[in-house]
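Sequence positions, counted from 1, serve as the residue numbers for this chain.
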Amino acid sequence: MESHRKENTKHANELKSTGFPKSVSVSSMLKKGKLINPETDNVTLRIEEFSIADEMSWLEPVNVNMSVQRKPFAEGAFRKAYMAKALYRSSQRDCVLKKYKKRKWKELQTCLGP
């Protein structure tokens with residue numbers, strides 16, 4: 001009977017040593033749970049292709065789903081360049097999208113006409 005008590009006491013000590021983690025306050029959890037904004041936007045672009053192999057002609061436009069970085073990786077006088085991944089014809093391709101700056105676009109329209 002005494003060996004049984006020693007075993008129970010040993011088992012109780014093991015349970016005490018594991019213990020429970022300290023509780024975390026609600027305000028602390030709210031500070032940790034900040035919203036993480038995604039770094040990319042998913043867009044669908046209608047793209048036209050020109051084929052040199054098929055009698056130098058324009059092919060039918062296709063819709064391409066793309067994941068585009070929100071921040072440009074480069075910028076010039078007229079455009080900003082964005083990294084993108086295109087899902088096209090069952091493959092994924094890295095590419096660069098260039099977007100005219102709004103004020104420069106207006107200048108180009110004025111120079112080139114409608």
With distance as the sole test, does Lys101 use its side chain to make a donor-acceptor pair with the main-chain N or O of Gly76 at under 3.5 Å? yes
Is there a path from Leu59 to Leu45 through hydrophobic residues (I, L, V, M, F, W, Y) whose side chains come within less than 4.5 Å of each other? no
What is the distance from atom CZ of Arg46 to atom CG of Asn63, rounded to the nearest 0.5 Å? 5.0 Å
Glu39 CD: over 12 foreign heavy atoms closer than 6.0 Å: no
For Lys98, is the NZ atom crowded, meaning more than 12 foreign heavy atoms sit under 6.0 Å from it? no
So if you build clusters from Ile, Leu, Val, Met, Phe, Trp, Tyr with side-chain heavy-atom gaps below 4.5 Å, do Leu87 and Val68 land together? no
Using side-chain heavy atoms (C-beta onward) and a distance below 4.5 Å, is Tyr82 in contact with Arg70? no
For the CD atom of Glu107 and the OH atom of Tyr100, what is their distance to the nearest 0.5 Å? 12.0 Å
Option among Val43, Asn42, Thr40, Thr44 that satisfies the side chain to side chain contact (heavy atoms under 4.5 Å, CB included) test with Met66: Val43
Hey, what do you get for NZ (Lys80) to NZ (Lys99), rounding to the nearest 0.5 Å? 8.0 Å
Shared ILVMFWY cluster between Trp58 and Ile52, side chains joined below 4.5 angstrom? yes
Arg103 CZ: over 12 foreign heavy atoms closer than 6.0 Å: no
Between SG of Cys95 and CE of Met83, what distance do you get to the nearest 0.5 Å? 7.5 Å
